[in-house]
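Everything below concerns the one structure shown next.
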Amino acid sequence: MIQVFGASWALFLGMFMLMIGNGLQGTLLGLRGEMEGFSTLELSIVMSAYFAGFLFASKMVPELIRRVGHVRVFAALGSTISAVLILYPTLAEPWAWTIGRVLIGFCFCGVYVTAESWLNDASTNETRGQSLSVYMIVQMAGIVFAQYILSQGDVSGYTLFIIPSVLVSLAFAPILLSVKPTPAFDQTKPMTIRRLIEASPLACFGMFMLGGIFSAQFGMSAIYATRAGFTVGEVSLFVSAIYVAALVAQYPIGWASDRMDRRLLIIGVCVVGAMGALIGTVLPGSLFIALVAGALVGGTSNPLYALLIAYANDYLEREDMAAASGGLLFINGIGAIAGPLIVGAMLDVYGPQGYWAFLAFLLGAVAIYAVWRLGRRKRGELDLETVPYAQVGPSTTPIVAEMAQEVYIETEIEDDDTAQ
């Protein structure tokens with residue numbers, strides 16, 4: 001892993017700064033929106049807009065890259081991000097923030113696709129899995145560090161909006177000065193949703209629900225924490241707990257995934273997460289309870305994303321694995337758009353408890369559906385030869401999804417060669 005980081009340190013440094021910028025603006029808008037007097041519905045629409053932009057970009061940016069090249073797309077989208085971040089405090093209106101969030105979501109997805117294609121190009125068959133692991137660590141570290149910056153600043157001022165703008169701009173330098181200007185780029189056409197559902201109903205259902213869970217954590221956690229009466233520092237600590245737990249839990253869940261029936265692990269992970277969310281409904285205004293609940297939900301829901309992908313691949317032919325990633329991303333994206341809107345309504349009706357009740361319901365629903373599928377589909381020969389678990393997070397773009405699929409395929413090929 002040290003060798004992988006040493007070979008692509010500039011790329012990882014640039015991605016780290018990008019993740020600080022993205023992690024900071026997400027939490028910051030929730031806090032500033034509350035201060036500006038936005039209604040819960042208005043904030044929900046603002047937060048949902050990011051995921052709409054992200055979903056559109058995952059379809060459109062690859063074509064932009066083919067037409068004008070990586071460097072131009074990267075520079076154009078990055079400049080737009082910097083401009084929007086500066087404009088947020090000057091146009092503190094729900095409609096302006098909604099448009100800004102669509103643009104930010106679109107541009108961040110495009111920037112990730114571009115940078116991740118360079119990462120994929122720099123990886124070999126032997127290092128691709130390690131590159132994904134380092135990339136996941138960099139992503140989580142950037143989001144957590146963003147919360148620390150937020151806790152040290154003034155939400156009512158301009159500085160916290162300027163910092164992510166500057167970081168995004170500075171992220172260009174290490175990336176553009178250290179990588180090839182035009183890596184190869186081919187996007188596999190996604191499998192139809194119908195075929196994907198037929199192959200693995202549980203993975204598709206879980207991905208849809210997980211989209212709502214992740215968007216609630218990424219978009220609405222600061223709004224919940226504000227409604228619960230937490231200070232800015234406590235909000236930052238709460239959001240950090242979600243992502244630190246996710247990073248720590250990836251490895252043990254991945255280890256278990258390769259050694260047991262994944263359906264049983266999915267059920268267990270969802271039950272733990274749902275129990276954590278139910279704990280949060282008991283005393284939603286307690287910081288300690290919120291930290292415990294956030295860690296349990298974050299530590300289960302984020303690894304669950306990679307677990308569901310691995311489970312879907314257990315029922316796919318090797319040549320279909322890459323194609324399936326597009327369909328799974330689309331299903332997850334639809335759920336992510338709906339998540340903040342539903343959470344916002346539940347916050348209005350039930351107060352801070354509504355945030356945890358929403359998460360508990362979705363995680364519980366996945367667990368119940370997995371139990372039902374356990375009885376419907378018996379464990380057979382195809383499921384016995386499981387593919388390896390690869391670390392990949394819920395903020396995945398088509399590039400990282402296909403990198404993960406390549407890890408599955410390459411490992412299967414190696415296993416076949418060893419068996420022969």
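For the residue pair Phe238 and Ala290, the shortest heavy atom distance occurs at CE1-O, 3.3 Å. Residue Leu18 comes nearest to Ala171 through the heavy atom pair CG-CB, 3.7 Å, listed as atom of the first residue, atom of the second, then distance. Residues Val366 and Leu202 share a closest heavy-atom pair of O-CD1, 4.4 Å. Minimum heavy-atom separation, Ser257 to Leu307: OG-CD1, 3.3 Å. Contact detail for Gly23 and Ala146: the closest heavy-atom pair is C-CB, 3.8 Å. The minimum heavy-atom distance linking Pro340 with Met47 is given by the pair CB-CB, 4.0 Å.
Side-chain contact between Gln217 and Val239: absent, with no pair of heavy atoms (C-beta onward) separated by less than 4.5 Å. Taking 4.5 Å as the limit, some side-chain heavy atom of Asn22 sits within range of a side-chain heavy atom of Tyr50. Counting heavy atoms from C-beta outward, Met15 and Tyr112 have side chains that approach closer than 4.5 Å. Taking 4.5 Å as the limit, some side-chain heavy atom of Met140 sits within range of a side-chain heavy atom of Asn302. Taking the side chain as every heavy atom from C-beta outward, Pro303 and Tyr251 never approach each other to under 4.5 Å. The side-chain heavy atoms of Val272 and Val297, taken from C-beta on, include no pair separated by under 4.5 Å. Looking at heavy atoms from C-beta onward, Leu363 lies out of side-chain contact with Val269 at the 4.5 angstrom threshold. Side-chain contact between Cys270 and Leu304: present, with at least one pair of heavy atoms (C-beta onward) separated by less than 4.5 Å.
Here Thr226 contributes atom OG1 and Leu347 contributes atom CG; the two are 10.5 Å apart, rounded to the nearest 0.5 Å. Summarising the geometry, atom CD belonging to Gln25 is positioned 9.0 Å from atom CD1 belonging to Ile81; distances are rounded to the nearest 0.5 Å. To the nearest 0.5 angstrom, Phe12 atom CZ is 9.0 Å from Ile137 atom CD1. Summarising the geometry, atom OG belonging to Ser236 is positioned 8.5 Å from atom CD belonging to Gln152; distances are rounded to the nearest 0.5 Å. In this structure, CG on Leu167 lies 9.0 Å from CZ on Phe16, to the nearest 0.5 angstrom. Here the CG-OG distance, from Asp348 to Ser39, works out to 7.5 Å after rounding to the nearest 0.5 Å.
Ring pair Phe106/Phe56: centre-to-centre distance not below 6.0 Å.
Using the six-membered ring where Trp is involved, Phe218 and Phe214 have ring planes that are parallel, under 30° apart on the 30 and 60° scheme. A perpendicular orientation is assigned to the rings of Tyr224 and Phe230, their planes being inclined by more than 60° (bins at 30° and 60°).
Remark: side-chain polar atoms of Arg32 are paired, donor with acceptor, to backbone N or O of Val155 under 3.5 angstrom. In this structure, Glu198 contributes its side chain and Arg195 its backbone to no donor-acceptor pair below 3.5 Å. The backbone N or O of Ala357 lies less than 3.5 Å from no partner atom in the side chain of Thr281, so there is not a single donor-acceptor pair. Between the side chain of Thr80 and the main chain of Ala76, a donor-acceptor pair closer than 3.5 Å is present. For the pair Ser240 (side chain) and Gln147 (backbone), a donor-acceptor distance under 3.5 Å is absent. A donor-acceptor contact shorter than 3.5 Å is absent between the side chain of Trp356 and the backbone of Pro284. Asn332 contributes a side-chain N or O that, together with a main-chain N or O of Met207, makes up a donor-acceptor pair within less than 3.5 Å. Ser151 places a side-chain N or O within donor-acceptor distance of the main-chain N or O of Tyr148, the cut-off being under 3.5 Å. One N or O on the side chain of Ser169 and one on the backbone of Ser165 form a donor-acceptor pair closer than 3.5 Å. Thr40 contributes no side-chain N or O that, together with a main-chain N or O of Gly344, makes up a donor-acceptor pair within less than 3.5 Å.
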Next item on the list: Before giving the answer on side chain to side chain contact (heavy atoms under 4.5 Å, CB included), spell out for Ile197 and Ile193 the whole-Å C-alpha distance, their side-chain angles and the decisive distance to 0.1 Å.
Entry: CA-CA 6 Å; Ile197 293 175; Ile193 301 299; 3.7 Å; yes
Discussion item. Between Gln250 and Met136, does the side chain to side chain contact (heavy atoms under 4.5 Å, CB included) criterion hold? Intermediate values first, please.
Written reply: CA-CA 10 Å; Gln250 281 280 357; Met136 279 293 299; 3.6 Å; yes
Practice prompt. Could you go through the side chain to side chain contact (heavy atoms under 4.5 Å, CB included) check for Thr27 and Ile143 one step at a time?
Written response: CA-CA 10 Å; Thr27 311; Ile143 294 176; over 6 Å; no
* To do: Tell me, with the steps shown, if Val46 and Glu42 meet side chain to side chain contact (heavy atoms under 4.5 Å, CB included).
  => CA-CA 6 Å; Val46 168; Glu42 290 169 338; 5.6 Å; no
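The 12-atom threshold is exceeded at CE of Met35, counting heavy atoms of other residues, nucleotides or ligands nearer than 6.0 Å. The number of heavy-atom neighbours closer than 6.0 Å to CZ of Phe38, taken from other residues, nucleotides and ligands shown, is above 12.
Donor-acceptor pairing under 3.5 Å is lacking for the side chains of Tyr311 and Asp261.
Listed by first and then second residue, the salt bridge (charged side-chain N to carboxylate O under 4.0 Å, His left out) pairs involving residues 219-232 are Glu34-Arg227 (not counting sequence neighbours).
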